[in-house]
Amino acid sequence: MKIRAILFDYDDTLVQTRRVRYRTLKILAKEKFHFELKDEWIDEAWGLPGDDFLRRIYGKHSENLDALWEVYNSFCERDPNLTFPGVEDFLQKYESRFHFGILSSSSGRRVLREIESFSFSKDSFFAIQTAEETKVHKPNPKVFLPISEEAKKRKLDPSEILYVGDTIGDATASRGAGLCFLGMAHEGHSAEVFRKENLEFVSSFAELEYRIESPSFFSSSF
């Protein structure tokens with residue numbers, strides 16, 4: 001097996017969305033809609049596609065979804081998302097060695113705007129698939145169909161593509177689509193979940209780099 005491409009989940013894999021956006025969401029709820037948003041309400045909605053997520057979080061305040069997106073984006077600009085340590089260096093170091101892509105259930109209204117604020121650019125990725133590109137979502141393997149078509153244009157076989165994500169849903173969808181999978185466990189509870197499911201994982205981009213440089217990388221069974 002030879003890995004020629006690496007696709008990344010976005011939230012909580014490349015960027016620290018959970019830590020940053022819980023704060024943003026609660027500030028918006030308090031300042032704009034005058035209610036206290038509980039962590040458990042966000043927990044219940046986390047992972048839904050972007051539009052569905054905002055509808056679940058803000059209920060009656062989401063009737064005009066386009067207006068809500070404008071407000072949400074303005075609050076996000078006040079509270080910028082952050083990449084995890086090592087992400088930008090990793091992408092720069094290996095962009096000539098691998099094809100990079102992103103597959104996320106988040107909305108392109110958020111993902112594409114955030115990427116513009118980082119030191120890497122959209123041009124670092126041969127494809128950036130967000131919630132708007134498909135009607136199905138993880139853990140359904142069919143979520144990979146649009147980005148797989150882009151991969152075919154580069155003569156990439158699914159078995160040559162590694163998907164890096166932080167959830168079991170990421171693993172189920174990518175493996176079901178014939179890709180390889182490697183967990184990214186930035187937090188201890190994610191590591192425990194991957195261990196329980198006997199899935200290989202790394203805990204940082206420094207560890208991912210070490211894994212790639214290991215002689216056993218291309219003989220690993222992901």
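Numbers here simply count residues along the sequence, with the first being 1.
- Proximity of Phe181 to Phe194: side-chain heavy atoms (C-beta onward) are separated by under 4.5 Å at one or more points.
- Between His137 and Ser105, the shortest heavy-atom contact is ND1-CB, 4.4 Å.
- Aromatic pair Tyr58/Phe33: ring centres closer than 6.0 Å.
- The residues Glu213 and Arg211 are annotated as not salt-bridged, no charged nitrogen and carboxylate oxygen being separated by less than 4.0 angstrom.
- The shortest side-chain heavy-atom distance between Leu25 and Phe75 does not fall under the 4.5 Å cut-off.
- Counting heavy atoms from C-beta outward, Phe205 and Pro85 have side chains that stay 4.5 Å or more apart.
- Taking both residues in full, the closest heavy atoms of Gly169 and Lys138 are given as O-CB, 4.1 Å, listed atom of the first, atom of the second, then distance.
- For the pairing with Phe53, the ring-ring contact (aromatic ring centres under 6.0 Å, His included) check across Trp46, Trp69, Trp41 returns one residue only, Trp46.
- The side-chain heavy atoms of Arg175 and Leu199, taken from C-beta on, include a pair separated by under 4.5 Å.
- Contact check for Arg4 versus Ile161: no side-chain heavy atoms found under the 4.5 Å cut-off.
- Between the CD atom in Glu95 and the CG atom in Asp123 there is a gap of 10.0 Å [rounded to 0.5 Å].
- For Glu63, the CD atom counts as loosely surrounded, since its 6.0 Å shell holds 12 or fewer non-hydrogen atoms of other residues, nucleotides or ligands.
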**Request:** Quick one: do Glu209 and Lys93 satisfy salt bridge (Lys or Arg N to Asp or Glu O under 4.0 Å)? Show the steps, please.
**Result:** CA-CA 10 Å; Glu209 181 175 341; Lys93 181 174 181 177; 2.3 Å; yes
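- Shown here for Arg19 and Leu82, the closest heavy-atom pair between the two residues is NH2-CD1, 3.2 Å.
- The side-chain contact (heavy atoms from CB on, under 4.5 Å) test with Val15 singles out one residue from Val20, Val87, Asn81, and that residue is Asn81.
- If you take SG on Cys76 and CZ on Arg113, they are separated by 8.5 Å, rounding to the nearest 0.5 Å.
- For the pair Arg21/Tyr72, a side-chain contact is recorded, criterion being any heavy-atom separation below 4.5 Å from C-beta on.
- Residues Val136 and Leu48 do not share a hydrophobic cluster, defined by chaining ILVMFWY side chains whose heavy atoms lie under 4.5 Å apart.
- A donor-acceptor pair is defined here as one N or O able to donate and one able to accept, closer than 3.5 Å; such a pair exists between the side chain of Glu133 and the backbone of Thr130.
- No donor-acceptor pair closer than 3.5 Å links the side chain of Thr13 to the backbone N or O of Tyr10.
- Side-chain N or O atoms of Arg109 include none that pairs as donor or acceptor with a backbone N or O of Asp66 at under 3.5 Å.
- Between the side chain of Asp170 and the backbone N or O of Asp166, at least one donor-acceptor pair lies under 3.5 Å.
- When the shell of 6.0 Å around NZ of Lys142 is examined, it contains 12 or fewer heavy atoms from other residues, nucleotides or ligands.
- Here the closest non-hydrogen pair linking Ala185 and Ala191 is CB-N, 3.5 Å.
- Within the model, atoms CG of Asp79 and OG of Ser74 stand 11.5 Å from one another, a figure rounded to the nearest 0.5 Å.
- Using a cutoff of 4.0 Å between basic side-chain nitrogens and carboxylate oxygens, Asp157 and Lys152 are not scored as salt-bridged.
- You'll find the ring centres of Tyr94 and Phe100 outside the 6.0 Å limit.
- No side-chain donor-acceptor contact under 3.5 Å links Glu160 to the backbone of Ile3.
- Side chain of Gln129 to main chain of Val143: a donor-acceptor pair is present (N/O by atom type, distance under 3.5 Å, no hydrogens or angles).
- The main-chain N or O of Ile168 is found under 3.5 Å from a side-chain atom of Thr172 such that the two form a donor-acceptor pair.
- Of the residues Glu116, Glu77, Glu132, the one that meets the salt bridge (Lys or Arg N to Asp or Glu O under 4.0 Å) test with Arg110 is Glu77.
- Minimum heavy-atom separation, Ser159 to Cys180: O-SG, 3.6 Å.
- In this structure, the side chains of Ile115 and Ile128 come closer than 4.5 Å at one or more pairs of heavy atoms.
- Under the 3.5 Å distance criterion, the side-chain polar atoms of Glu88 are matched with a main-chain donor or acceptor of Ser119.
- You'll find the side chain of Phe126 reaches within 4.5 Å of the side chain of Arg154, heavy atoms only.
- For the atom pair Ile147 CD1 and Glu149 CD, the distance stands at 11.5 Å (nearest 0.5 Å).
- Side-chain atoms of Asp9 never come within 3.5 Å of backbone atoms of Ser104 as a donor-acceptor pair (strictly under, hydrogens ignored).
- Between Arg18 atom CZ and Arg23 atom CZ the span is 14.5 Å, to the nearest 0.5 Å.
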